[in-house]
2 protein chains.
Amino acid sequence: MNLSLSPLALEVLDLIDTLVARYQESYEAAAARHQLTGSQVRVLELLSHQPLAMRRLAERLKCEPSNVTGIVDRLEARGLVRRQPDPADRRVKLAAVTEAGRLIGDQVRASTDFTRTRLTTLPPEDCAALHAGLYRMLN
Amino acid sequence: MNLSLSPLALEVLDLIDTLVARYQESYEAAAARHQLTGSQVRVLELLSHQPLAMRRLAERLKCEPSNVTGIVDRLEARGLVRRQPDPADRRVKLAAVTEAGRLIGDQVRASTDFTRTRLTTLPPEDCAALHAGLYRMLN
DNA sequence: TATTGTTATACTCTATAACTATA
DNA sequence: TATAGTTATAGAGTATAACAATA
C-alpha cells in the first residue's frame, strides 16, 4: 500500500531496508570470523549479564525451547557456556557464559558493528535527528 | 568499544537494535502467514521487476548459487516462479515470477511492514529527521 | 496435572566440492 | 579452459510431537 506513504516516507523505507541489510551482514560476518553463528553470538550476549533458564533463553530468542538445547549444546562443547542446576527448581537448567565465552562475546561485539562505526563518526546533529526520528517511530 | 560513543549515540544504537529486531520479526511473520520463508519472499521481491539468472539471484541473496537451486525449486513446485531459457546463452536459466507469485509477493509485502505502518502515522517532521539522520549515516 | 528440558523427526538454508552442459 | 547450473553432502536453525524428571 504505497499509496498511503509520502515520497519522503518511501525514501525512509528504502533507507531502513538498507540499514537492516547492512546490520545483518555485519553481525553475521563478525560471528563467522569467530566460527560462530548469529544465534550463538546472540545467546552469548543474552547470558552476558546473568545466567538464564533454557526456557527464558527460548523466549528471548523467540524460538522453541527444543532449539535452544542444540544451540547451547554446541556452545557448551566449545567451552563458551555451561549448564548449571537451579537451586530453587530441580527441573530447571541455567545456561551461564564462561570466562572464555564472555571474552569471545566481547570481541565479536567490538568487531561487529557497522552501526557502531558509523555512529562514531556521525556529527552530533545528525545523531540527534536520528534519535528523535527513531524514538518517535518505535514508541 | 563503547568509550568512543557518546551517550546519545549509545541510545541510537539501542534504538537501531530494536528497529532491526522488529523489522525481522515482522518480515518473517508475514512470510510465514503465507507458508513462505524469508528467503523465498526475498526471491519473489527480487524477481518482481524482471527475470534474473540463477547466478544473479545468488549475488543478490549473498549466498552460494547451489542454494538458489533449492529455493527456486520450492517456489517452482508451488507455481510461484518458473525457470526460462536465456536465448542469448544456453547455459543460463532465468528465474521469473509467475502471476500467482507476483500476487503473493504483493500480499506479503503489504501485510509485512511494521516499518511501513509505523511510517504512515509518523508526523512529517519526525519523518524528515529520520531521513536526514539515516541518509547521513548510510552515505 | 502442569512445567522443564530433552529427544526424535522433518524441513529449510547454508557452504563446499564435484559434476554436466555449454561457451 | 572457463562459466552456469546442478547434485551430493554435511552442519545449523527451525517447528512439532512425545518423553522423563520434577513441581
Side-chain angles (χ1 to χ4, degrees), chain A residues 21 24-25 27-47 51-78 80-96 108, chain B residues 21 24-25 27-47 51-78 80-96 108:
Chain A
Q24 286 286 120
E25 274 177 60
Y27 194 90
E28 292 290 332
R33 261 177 253 129
H34 295 261
Q35 281 79 52
L36 290 169
T37 65
S39 295
Q40 289 167 355
V41 171
R42 187 90 189 87
V43 166
L44 254 23
E45 281 178 1
L46 288 171
L47 299 181
L52 286 176
M54 301 297 278
R55 211 83 190 178
R56 302 302 145 240
L57 221 31
E59 286 167 4
R60 304 297 292 279
L61 293 172
K62 296 185 198 302
C63 73
E64 295 300 313
S66 59
N67 301 325
V68 180
T69 299
I71 299 174
V72 168
D73 278 351
R74 288 180 275 277
L75 287 169
E76 195 166 32
R78 292 178 53 179
L80 306 181
V81 158
R82 66 168 168 277
R83 273 178 251 236
Q84 302 172 337
D86 180 345
D89 186 338
R90 284 192 300 169
R91 291 174 303 181
V92 172
K93 285 177 190 164
L94 296 172
V108 174
Chain B
Q24 287 286 120
E25 274 178 61
Y27 194 90
E28 292 290 332
R33 261 178 256 129
H34 295 262
Q35 280 79 51
L36 291 169
T37 66
S39 295
Q40 289 167 354
V41 171
R42 187 89 190 87
V43 166
L44 255 23
E45 281 178 1
L46 288 171
L47 299 181
L52 285 176
M54 300 298 277
R55 211 84 188 177
R56 302 303 145 240
L57 221 30
E59 287 166 4
R60 303 297 290 281
L61 293 172
K62 295 187 198 302
C63 73
E64 295 300 314
S66 59
N67 301 324
V68 180
T69 299
I71 299 174
V72 168
D73 279 351
R74 288 180 276 279
L75 286 170
E76 196 166 32
R78 292 178 53 178
L80 306 181
V81 157
R82 65 166 169 276
R83 273 178 252 235
Q84 303 171 337
D86 180 345
D89 186 338
R90 284 191 300 169
R91 293 173 303 180
V92 173
K93 285 177 191 165
L94 296 173
V108 174

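Per chain, numbering begins at 1; letters A, B, ... match sequence-line order. Source: prediction; values computed, not measured.
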Novice: Tell me: CD of A/E28 to P of D/dA12, nearest whole Å?
Specialist: 14 Å

Novice: Could you state the CG-C1' distance from B/L57 to C/dC13, rounded to the nearest angstrom?
Specialist: 14 Å

Novice: Tell me every residue that passes side-chain contact (heavy atoms from CB on, under 4.5 Å) with B/Q24, counting only those two or more places apart in sequence or in another chain.
Specialist: A/V20, A/Q24, B/V20

Novice: Applying side-chain hydrogen bond (donor to acceptor under 3.5 Å, both in side chains), name anything that partners B/D73, two or more places apart in sequence or on another chain.
Specialist: B/R83

Novice: Given C/dC13, is OP1 or OP2 found less than 4.0 Å from the side-chain N or O atoms of B/R42?
Specialist: no

Novice: In whole angstrom, give the distance that lies between atom NZ of A/K93 and atom P of D/dA23.
Specialist: 13 Å

Novice: Take the protein atom CZ of B/R55 and the nucleotide atom C1' of D/dA4, then report the distance between them rounded to whole Å.
Specialist: 5 Å

Novice: List in chain and number order the residues that pass side-chain contact (heavy atoms from CB on, under 4.5 Å) with A/R74, two or more places apart in sequence or in another chain; answer none if no residue qualifies.
Specialist: A/Q40, A/I71

Novice: The criterion is side-chain hydrogen bond (donor to acceptor under 3.5 Å, both in side chains); which residues satisfy it with B/E25, sequence neighbours excluded?
Specialist: none

Novice: OP1 or OP2 of D/dT6 less than 4.0 angstrom from a side-chain nitrogen or oxygen of B/R83, does that happen here?
Specialist: yes

Novice: Which letter, B, S or -, goes with each nucleotide of nucleotides 14-23 of chain C from 5' to 3', with contact meaning a protein heavy atom under 4.0 Å?
Specialist: BBBB----BS

Novice: With sequence neighbours left out, write down each residue that passes side-chain hydrogen bond (donor to acceptor under 3.5 Å, both in side chains) with B/R33, or none if nothing qualifies.
Specialist: B/S111

